[in-house]
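Down below is the structure, laid out as structure tokens.
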Amino acid sequence: SYESDRENHHLDYAIRLQHSFNSIDLGLSYFDGTAREPTLQFDNNTMQLTPYYPQMKQVGLEFLYIASDWLWKLENKYVTSEEKEYNAAVGGVEYTMYRWWGTGVDLGLFIEMHYDSRGEVVEAPFQNDAFIGLRFNFNNIYDTELMFTNYTDLDNQSKLYGIEFSSRFGDRFKIIAEMLVLSDADELDTFYEIRQDDYVELGINVYF
């Protein structure tokens, strides 16, 4: 169901301005129209959850600053609709050590903070979380990368660990592996219901 009488034929508007100067990239955006992420409403007659698409307005800001081996970044959005009004942001820093310890490996360090004013709700799982990551780029002909990640909920100390690996082999193949593990999930955490559902994915891409 839709808030608009025109349902999925409602005419939406979006504009984005981007400008780069010196070491700074800046982006501003505005959207007015049908929300792309529906809310779920319970129907007592059918005993089912029904997607509902409200009208919304969103203002966005993107900021990127590069200083030698450092990269500072910020993304922010402010959203209003008939159901809610909230602000969400993610900001952080990335530092790359090239040719780490004299090897051919580049080591990237990431630190980010995630914020969402809606609090601990289903559609905002990272409302007050810290992210730390390590990325190893081996700079070889196989374009091999290995990354370790960790999300920590600063409210209840729930943690989400991740490992990602990718590498080409041969002229046409690339292997991709990913693993996610939940730890210390709090009963009030969004991920509590899937606390025992660790995730492993292994894929092979073939290029023609």
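Remember, predicted model here, so these are calculated numbers, not experimental data.
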[atom2] on [Y] to [atom1] on [X], rounded to 0.5 Å:
X: Met113; Y: Asn128; atom1: CE; atom2: CG; answer: 5.5 Å
X: Lys159; Y: Asn150; atom1: NZ; atom2: CG; answer: 7.5 Å
X: Trp72; Y: Leu64; atom1: CH2; atom2: CG; answer: 12.5 Å

I'd like to check the side-chain hydrogen bond (donor to acceptor under 3.5 Å, both in side chains) partners of [X]; sequence neighbours left out, ordered by chain and number.
X: Asp198; answer: none
X: Tyr78; answer: Glu85
X: Arg36; answer: Asp12
X: Ser167; answer: Thr144

Closest non-hydrogen atom pair between [X] and [Y], with its separation:
X: Ala88; Y: Asp116; answer: CB-OD2, 3.6 Å
X: Leu180; Y: Gly162; answer: CD2-CA, 3.9 Å
X: Asp153; Y: Asp155; answer: OD1-N, 2.8 Å
X: Leu28; Y: Leu61; answer: CD2-CD1, 3.5 Å
X: Leu154; Y: Gln157; answer: O-NE2, 3.7 Å
X: Gln127; Y: Asp129; answer: N-OD1, 3.4 Å

Results of side-chain contact (heavy atoms from CB on, under 4.5 Å) for Val59 - residues two or more places apart only: Tyr30
Those residues at least two apart in sequence (or on a different chain) that pass side-chain contact (heavy atoms from CB on, under 4.5 Å) with Glu112 are Lys73, Val90, His114, Phe131
Should [X] and [Y] be regarded as members of a common hydrophobic cluster, given that ILVMFWY residues are connected when their side-chain heavy atoms come within less than 4.5 Å of each other, either directly or indirectly?
X: Ile66; Y: Trp70; value: no
X: Met147; Y: Tyr142; value: no
X: Ile132; Y: Leu134; value: no
X: Tyr199; Y: Leu182; value: yes
X: Leu109; Y: Tyr65; value: yes

Around atom [atom1] of [X], are there more than 12 heavy atoms from other residues, nucleotides or ligands closer than 6.0 Å?
X: Tyr2; atom1: OH; value: yes
X: Asn8; atom1: CG; value: yes
X: Asp197; atom1: CG; value: yes

Fellow cluster residues of Met56, listed by chain then number, with links counted only when side-chain atoms sit under 4.5 Å apart: Phe31, Val79, Tyr86
Members other than Leu40 in its cluster, when Ile, Leu, Val, Met, Phe, Trp, Tyr link by side-chain heavy atoms under 4.5 Å? Phe42, Met47, Leu49
Do [X] and [Y] touch side chain to side chain, with heavy atoms closer than 4.5 Å?
X: Leu71; Y: Val93; value: no
X: Leu146; Y: Phe148; value: yes
X: Leu107; Y: Phe136; value: yes

Output all residues satisfying ring pair (Phe, Tyr, Trp, His ring centres under 6.0 Å) with His9, sequence neighbours left out; order by chain, then residue number. none
Partners passing ring pair (Phe, Tyr, Trp, His ring centres under 6.0 Å) against Phe169 (at least two apart in sequence or in another chain): Phe173
What side-chain hydrogen bond (donor to acceptor under 3.5 Å, both in side chains) pairs are there with at least one residue in residues 87-111, not counting sequence neighbours? Asn76-Asn87, Glu94-Arg135, Arg99-Asp106, Asp106-Asn139
Please list all pairs passing the side-chain hydrogen bond (donor to acceptor under 3.5 Å, both in side chains) test where one or both residues lie in residues 45-57, with sequence neighbours left out. His10-Gln55, Thr34-Gln55, Tyr52-Glu82
Are the side chain of Lys77 and the backbone of Glu75 linked by a donor-acceptor contact shorter than 3.5 Å? no
